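These notes are about the structure you will find just below.
Small disclaimer: the values here were computed from a predicted structure and weren't measured. Numbers restart at 1 for each chain; the letters A, B, ... are given by sequence-line order, proteins then strands.
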There are 2 protein chains.
Amino acid sequence: MAARPAPEKNCEHIDPRVEALVTDLIGRVADKWTMILLEILEEKGTQRFTQIARAVPDISQKMLTQTLRRMERDGMLTRTVHPVVPPRVDYALTPLGETLSEAFCGVWMWAEANLERVEHAREEFDARQVAV
Amino acid sequence: MAARPAPEKNCEHIDPRVEALVTDLIGRVADKWTMILLEILEEKGTQRFTQIARAVPDISQKMLTQTLRRMERDGMLTRTVHPVVPPRVDYALTPLGETLSEAFCGVWMWAEANLERVEHAREEFDARQVAV
DNA sequence: GTGATCACTCTCTTTTAGGTAAGTATAAAT
DNA sequence: ATTTATACTTACCTAAAAGAGAGTGATCAC
């Protein structure tokens, strides 16, 4: 490996049917809460409902349930109900969920690395708008 | 910046303030239309308004304008107005936009690679639900 | 018997996203 | 004189997403 051969740019989508399906899947998966839950489960491993709720303080119960359920349906995580009282439900990423979490890692890192650049761009844009 | 050999896995967020900002940025950026426009501009280079509209047939004028404007504000792309009649406006990714496009590349590839797995998971889940 | 715990579900209301359609300015072509 | 083209903006409307808050069922501690 000599002069760094550019990090994979072959993002080509040939088949429009595949592209439509991929776009649809992206639409479901590239969602704020999904990304956050993915990250928490990746980071902390198996968690139960209230643990996740505490880790993401500004998510409503409704959104948490909804997002977890959709992720379960999509095969991102497993939901294990222990028939005890009070109830205990464990959530854990599947291998599929782990790979998605890794795929999003690049976006998290981009966001972290470029926060200031984006802030700066916004300020400049807004200043320009006011000026005109 | 040193060359990065392998996609790193250390997606740790320490500072909660940074995390909040990053989450917010992700929320703005991880949007269906943004991702699609990013990809089109990356693939085809500088494009004008109607060219993009034709490339994304199911986007409305309103959404296209809105998304382009937000992306301009966030520093993803430049908007160049040529004072001619009829008007001509060119859109091109900035280096910042290009890096984001690359970051999303991993997610596109994940989606393409795992479409069937997700489909399968959904079928199984739905079957389970009906059974219960 | 009262209250706490857990993981929800249900209902109601507000907020946001997004679509449709019309209007605008200008000059060149017909 | 009318039409065409471009890149929008504005107003209006509907549907979907999201938030708030109450309720549930079972068991145990007090």
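Residue A:Ile52 contributes atom CD1, which lies 9 Å from atom P of C:dA7 at whole-angstrom precision. Atom CG in B:Asp31 sits roughly 10 Å away from atom C1' in C:dA17 (whole-Å rounding). As rounded to whole Å, 23 Å separates atom P of C:dA25 from atom NE2 of B:His82. Rounded to an integer number of Å, the gap from CD of B:Gln66 to C1' of D:dC8 is 13 Å. Following rounding to the nearest Å, B:Asp90 (CG) and D:dA7 (P) show an atom-to-atom distance of 8 Å. Remark: C1' of D:dA18 and CD1 of A:Ile59 are 11 Å apart, rounded to the nearest angstrom. Atom CZ of B:Arg69 is separated from atom P of C:dG18 by 17 Å (rounded to the nearest Å). In this structure, A:Gln61 places its CD atom 13 Å from P of D:dA22, rounding to the nearest Å.
Phosphate proximity of C:dA7 to A:Thr65: absent, as no side-chain N or O sits under 4.0 Å from OP1 or OP2. Distances shown here put a side-chain N or O of B:Ser60 below 4.0 Å from the OP1 or OP2 atom of C:dG19. Within the 4.0 Å cut-off from OP1 or OP2 of C:dA7, at least one side-chain nitrogen or oxygen of A:Arg48 is found.
Between the A:Thr34 side chain and the A:Ala30 main chain, no donor and acceptor come within less than 3.5 Å of each other.
Both B:Val85 and A:Pro87 sit near DNA chain C, but only A:Pro87 has its closest nucleotide nearer the 5' end. Judged by closest nucleotide on DNA chain D, B:Phe49 is the one of B:Lys62 and B:Phe49 placed further toward the 5' end.
Residue B:Met63 places its side chain closer to C:dG18 than to any other of C:dC6, C:dG18, D:dT9. In the set D:dA5, C:dC8, C:dA7, C:dC8 carries the atom at the smallest distance from any side-chain atom of A:Tyr91. With C:dC8, D:dA7, C:dG18 as the candidates, the nucleotide lying closest to the side chain of A:Arg79 is C:dC8.
Between B:Arg122 and B:Phe125 the shortest side-chain heavy-atom distance does not fall below 4.5 Å. Between B:Lys32 and A:Ile26, every side-chain heavy-atom pair lies at or beyond the 4.5 Å cut-off. Here the side chains of A:Phe104 and A:Ile36 are not in contact, with every heavy-atom distance at 4.5 Å or above.
For the side chain to side chain donor-acceptor pair (under 3.5 Å) with B:Asp90, the lone residue among B:Gln47, B:Arg79, B:Gln51, B:His82 that qualifies is B:His82.
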